[in-house]
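I have placed the structure first, in the form of structure tokens, so that the comments after it can refer back to it.
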Amino acid sequence: MYKYRDLMPFTTKSGIAVSDHMNHIRFTLPLLADGRAGKDWIPRLKGRDVSIDDEAKYMLRSPNFKPTKGVSIDVAILKGRYLVDNNQIIKNVHAEAKKCKWSKPNADLVCLILENFTEEEIEVMDLRDIVAMHEPFNDSDDDPPLLSTFVFYRDGRWLHAYRSRPHIGWHFERGFAFVVSQSGSQS
């Protein structure tokens with residue numbers, strides 16, 4: 001058994017119900033009406049004690065950053081430990097999501113997770129980080145990363161940019177976030 005297995009399901013301090021479904025974790029983020037621009041996430045997350053690496057800041061300021069507006073999001077996080085024996089490469093993560101009929105989120109999903117989940121709540125999910133499997137867009141080095149949470153135990157939460165090259169593998173404590181469904185009116 002994993003360290004926090006007996007603590008699932010749970011409800012976050014912000015009232016989000018989190019459930020465990022063997023190979024993935026599910027929760028619904030509440031109605032999101034503001035469609036916050038990427039650059040506006042920088043002071044908001046910093047105000048919540050989230051550190052942001054330079055590449056993630058670059059991505060937040062990119063014209064390719066698409067905000068979510070006016071919807072609630074049913075999220076599935078595929079557990080990295082489910083993809084064993086070096087199968088944790090991007091194409092296999094997307095293949096698993098396709099089997100489940102999950103879709104790519106907007107890049108702001110990671111910001112929404114960081115806004116709604118504490119470091120301890122991410123730990124209870126038995127994850128070290130959560131990668132939003134959004135459509136990659138180039139960073140300052142023209143290398144297409146994905147936005148990710150990263151929890152440095154006892155050092156806080158980070159918004160981080162991970163490289164999304166098709167052949168790169170991932171650690172088993174990583175989760176891969178997709179959209180199961182959205183409700184409301186996307187504007």
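Look at Lys66 and Asp108 and you find no salt bridge, because none of the NZ, NE, NH1 or NH2 atoms lies under 4.0 Å from a carboxylate O. A salt bridge links Glu115 with Arg36; the closest basic N to acidic carboxylate O contact falls under 4.0 Å. Asp20 has a carboxylate O that lies under 4.0 Å from a charged side-chain N of Lys79, or vice versa, which qualifies the two as a salt bridge.
When Leu114, Leu147, Leu112 are each tested for a side-chain contact (heavy atoms from CB on, under 4.5 Å) with Trp41, only one passes: Leu112.
Donor-acceptor pairing under 3.5 Å is lacking for the side chains of Thr149 and Asp129. Judged by distance alone, the side chains of His160 and Asp53 do bring a donor and an acceptor atom under 3.5 Å apart.
For Ala97, the side chain to side chain contact (heavy atoms under 4.5 Å, CB included) test picks out Trp102, Phe178, with sequence neighbours left out. Lys101 meets the side chain to side chain contact (heavy atoms under 4.5 Å, CB included) test with no other residue; sequence neighbours excluded.
Annotation: side chain of Ile73 is not in contact with side chain of Asn106 (no heavy-atom distance under 4.5 Å). Counting heavy atoms from C-beta outward, Ile77 and Leu127 have side chains that approach closer than 4.5 Å.
Closest heavy-atom contact between Cys111 and Leu159: SG-CD2, 4.2 Å. The minimum heavy-atom distance between Ile122 and Phe117, with the atom names listed, is CG1-CB, 4.0 Å. Of all heavy-atom pairs spanning Leu29 and Ser72, the tightest one is O-CB, 3.2 Å.
In this structure a side-chain-to-backbone donor-acceptor pair under 3.5 Å is present from Ser14 to Asn116.
The line from CZ of Arg128 to CZ of Arg174 is 8.5 Å long, rounded to the nearest 0.5 Å. Here the CD-CZ distance, from Glu121 to Arg157, works out to 9.0 Å after rounding to the nearest 0.5 Å. With values rounded to the nearest 0.5 angstrom, Lys104 atom NZ is found 3.5 Å from Glu135 atom CD.
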